[in-house]
Amino acid sequence: MNWDWFSYFALVAVLCWIAGAWSAFKGSRLRACACTVLGLVVFGTFIGLLWHSLERPPLRTMGETRLWYSFFLPFAGLITYIRWKYKWILGFGTLLSVVFICVNILKPEIHNKALMPALQSPWFAPHVIIYMFAYAMLGASAVMAIYLLWVRKNRCDEKEMALCDNLVYVGLSFMTLGMLTGALWAKEAWGHYWAWDPKETWAAVTWFSYLTYIHMRIGLQQKRRLSLSLLLISFVFLQMCWWGINYLPSAQGSSIHTYNMN
């Protein structure tokens with residue numbers, strides 16, 4: 001299995017996700033869930049076969065991490081749909097996933113790079129996979145925030161705000177777990193848990209930003225628009241932490257986290 005097959009697997013998966021989103025819109029929950037799960041199985045099969053072919057986790061390059069994000073966005077949408085029954089979330093999850101799939105098709109990076117010694121660690125796969133799931137959940141919360149700020153405006157109710165809160169709770173929990181596994185990995189690879197590397201700094205900024213959102217929702221429940229605005233700012237910080245750091249001058253040649261640009 002190689003990346004030449006990606007477009008075919010992605011096309012089938014996206015068609016399944018579109019069918020699931022349409023079924024959700026029409027009110028057929030069982031068909032919506034079945035189509036979405038089928039798409040996840042197809043996309044997950046490609047990831048599994050690619051993993052077997054490369055003889056390493058496909059997590060080395062930005063293209064490979066986008067692969068996981070494309071998988072986890074519909075997965076997060078499915079969890080949200082099952083739990084809170086929002087019809088539109090499967091469509092938004094599919095749309096965002098398609099964006100990352102198209103980027104991987106139109107701008108493919110070198111996907112078959114061997115792992116550098118620091119990445120040959122048992123912490124590598126769980127650390128990145130946990131982070132990708134956290135990013136997907138927090139991405140879903142950002143989509144919900146956009147919907148509430150510009151579509152619902154001042155009509156959003158506490159149930160809708162609770163959906164944002166729950167997505168952030170799950171996403172931040174997994175982000176925390178990802179930071180802990182990253183610290184253990186850093187100790188094993190470089191001899192220290194935390195070194196205020198540029199990416200580590202942005203990870204801390206992102207973590208504290210989402211934590212601030214949680215505290216605002218607890219202490220300032222009536223400031224909904226302010227909380228939602230902070231949620232979007234936090235998502236911008238998350239993008240800086242994920243891929244924006246690779247383009248900062250302070251990280252070039254000094255950050256141990258810019259290996260995926262080499």
Under 3.5 Å: donor-acceptor pair, side chain of Ser227, backbone of Lys223: yes
Path from Phe9 to Ile105 over hydrophobic side-chain contacts below 4.5 Å: yes
Using every non-hydrogen atom in the two residues, find where Ala142 and Leu232 come nearest and quote the distance to one decimal. O-CD2, 3.6 Å
Output for pair (Met161 CE, Arg217 CZ), nearest 0.5 Å, gives 3.5 Å
Run Leu238 and Met175 through side-chain contact (heavy atoms from CB on, under 4.5 Å) and show every step you take. CA-CA 10 Å; Leu238 187 150; Met175 180 185 290; 4.1 Å; yes
Is there a side-chain contact between Tyr81 and Cys33 (heavy atoms, below 4.5 Å)? yes
Trp3 and Trp5: aromatic ring centres closer than 6.0 Å? no
Single-linkage hydrophobic cluster, 4.5 Å side-chain cutoff, Val98 and Leu15 together: no
Would you call the rings of Phe133 and Phe174 parallel, tilted or perpendicular, taking 30° and 60° as the class edges? perpendicular
Whether Lys87 side chain and Ser23 backbone form a donor-acceptor pair below 3.5 Å: no
Hey, does the side chain of Thr206 reach the backbone of Phe237 with a donor-acceptor pair shorter than 3.5 angstrom? yes
4.5 Å side-chain heavy-atom contact, Leu50 and Leu67: yes
Work out which heavy atom in Trp194 is nearest to a heavy atom in Glu200; give both atom names and the distance. CZ2-O, 3.1 Å
Looking at SG of Cys164 and CD1 of Ile214, how far apart are the two atoms once the value is rounded to the nearest 0.5 Å? 12.0 Å
Mind checking whether Trp51 and Trp68 have parallel, tilted or perpendicular rings, split at 30° and 60°? perpendicular
Same cluster (ILVMFWY, side-chain, under 4.5 Å), Ile89 and Phe25: no
Verify the neighbour count for atom CH2 of Trp22: are there more than 12 heavy atoms of other residues, nucleotides or ligands below 6.0 Å? no
Report the relative orientation of the aromatic rings in Phe100 and Tyr69; use parallel for angles under 30°, tilted for 30 to 60°, perpendicular for over 60°. perpendicular
Heavy-atom neighbours of Leu30 CG exceed 12 at 6.0 Å: no
Taking the six-membered ring of Phe124 (Phe, Tyr or Trp), confirm whether the NZ or CZ of Arg60 is under 6.0 Å from its centre and within 45° of its axis. no
Within-4.5 Å side-chain heavy-atom neighbours: Asp165 and Tyr213: yes
Flag side-chain contact, heavy atom, 4.5 Å: Val205 against Cys241: no
Looking only at heavy atoms, what is the nearest atom pair of Gly171 and Met137, with distance? CA-CB, 3.9 Å
Quick one: closest heavy-atom pair of Leu78 and Leu40, and the distance? CD2-CD1, 4.1 Å
If you take all heavy atoms of Gly139 and Phe235, which pair is closest and at what distance? CA-CE1, 3.4 Å
Is any side-chain heavy atom of Thr176 closer than 4.5 Å to a side-chain heavy atom of Tyr210? no
Is Leu73 reachable from Ile146 through a run of hydrophobic residues whose side-chain heavy atoms are each under 4.5 Å from the next? yes
To the nearest 0.5 angstrom, please state how far the CE atom of Met144 sits from the CG atom of Leu149. 10.5 Å
Can you confirm if the aromatic rings of Phe75 and Trp17 lie within a centre distance of less than 6.0 Å? no
Heavy-atom count around Glu158 CD within 6.0 Å, excluding the residue itself: above 12? yes
Report the distance from atom CD1 of Ile101 to atom CG of Asn104, rounding to the nearest 0.5 Å. 8.5 Å
Mind checking whether Trp185 and Tyr131 have ring centres under 6.0 Å apart? no
Does the side chain of Phe43 come within less than 4.5 Å of Pro74's, by heavy atoms? no
Main-chain N/O of Gly178 paired with His127 side-chain donor or acceptor, under 3.5 Å: yes
Flag the pair Leu230 / Ser209 as yes when at least one side-chain heavy-atom distance between them is below 4.5 Å, and no otherwise. yes
To the nearest 0.5 Å, what is the distance between CZ (Arg224) and CG (Leu148)? 9.5 Å
Under 3.5 Å: donor-acceptor pair, side chain of Ser70, backbone of Arg66: yes
